[in-house]
Amino acid sequence: MMDDIQAAIPLGFLLSFMIGPVFFVLLETSATKGFRAGVFFDIGVIIADIVFLTIAYFSSFQLLENLSNQPGLFVFGGTILLVYGIVIFIKKTRKKANLKASTGTYLGLVVKGFLLNFINIGVLVFWLGLIVIVGPSLDNEGDRILVFFSTVLIVYFITDLVKIILAKQLKRYLTQERILLIKKVLGIVIIVCGIVLITKGFLPKEKFNIQDGIERISEKKPAN
């Protein structure tokens, strides 16, 4: 269980820095309305992610059962990540001026965060691909999947709290050129992950057995 938590922590941190409308509105809300407003907006975002994760899990459950430990699983999940990475890489950055936070109550901010995240179908596609890929490594056990993705969202939220506190400073350094560079780097990373998974689906299982590779290297080490 601890291994699942440790594996989820870097993913939660990375997701918090995915550049998109939610990222900018969170900074805008925090800088103009304060810490509490940013937190309530982010709660709405997290709720939308939970809804998407629930939909993705139940829609992929049968797929996980049928494709568990099968090469097609890696091809399917890798293709989703590949397409998602390409979309991130080629999509143009929207101007920040169009994403300013509007006034409203804390409940209104929760709703705003939820809707802004929920209308982005790419988020659902991303969670679906992630569940299809991660599920088999967690033996498709509901408890382990719950712990893994709960950790991802908790780390995501904690990282967002830091962003909320540093909102004014972060906004100052996010020029259009830097935003574009970050998006392209993230896109490339996701594309590479997708290609690796697709390749893994077409190669014999033993070719990508990392544990066996480590054991072979250890055996070849000269004795001291």
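- Here the closest non-hydrogen pair linking P10 and Q6 is CD-O, 3.1 Å.
- Interatomic distance, L116 CG to F41 CZ, rounded to the nearest 0.5 Å: 5.0 Å.
- V51 has its side chain within reach of F114: a pair of non-hydrogen atoms, C-beta onward, lies under 4.5 Å apart.
- In terms of heavy atoms, F118 sits closest to A48 at N-CB, 4.1 Å.
- Smallest separation of non-hydrogen atoms from S16 and T159: OG-CG2, 3.4 Å.
- Within the 4.5 Å cutoff, the side chain of V134 has no heavy atoms near those of the I145 side chain.
- Side-chain atoms of D3 and F148, non-hydrogen and from C-beta on, never get closer than 4.5 Å to each other.
- Note: the hydrophobic cluster containing F40 also contains L115 (ILVMFWY, side chain heavy atoms under 4.5 Å, direct or indirect links).
- Put simply, CG on D4 and CE on M2 are 10.0 Å apart, with the number rounded to the nearest 0.5 Å.
- Hydrophobic clustering of Ile, Leu, Val, Met, Phe, Trp and Tyr side chains at less than 4.5 Å, counting indirect connections, unites I46 with L130.
- Residue pairs satisfying the salt bridge (Lys or Arg N to Asp or Glu O under 4.0 Å) criterion with at least one member in residues 157-166, sequence neighbours excluded, are listed as follows: D160-K163.
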Pair D49-Y156, side-chain contact (heavy atoms from CB on, under 4.5 Å): steps then yes or no: CA-CA 11 Å; D49 279 324; Y156 177 96; 4.1 Å; yes
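- In the hydrophobic cluster analysis, where Ile, Leu, Val, Met, Phe, Trp and Tyr join through side-chain heavy atoms closer than 4.5 angstrom, Y57 is grouped together with I55.
- Residue I191 holds its CD1 atom at 5.0 Å from CD1 of I86, rounded to the nearest 0.5 Å.
- Smallest separation of non-hydrogen atoms from F157 and D42: CD1-OD2, 3.2 Å.
- If you chain together hydrophobic residues whose side chains sit under 4.5 Å apart, V45 and F35 fall into the same group.
- Nearest heavy atoms, L53 versus L153: CD1-CD1, 3.8 Å.
- A 4.5 Å side-chain heavy-atom check between I131 and F149 finds at least one atom pair inside the cut-off.
- Hydrophobic clustering (side-chain heavy atoms under 4.5 Å, transitive across Ile, Leu, Val, Met, Phe, Trp, Tyr) keeps F23 apart from I158.
- Of all non-hydrogen atoms in L109 and T29, the two that sit nearest each other are CD2-CG2, 4.1 Å.
- Once rounded to the nearest 0.5 Å, the distance linking CG of L14 with CD1 of I9 reads 14.0 Å.
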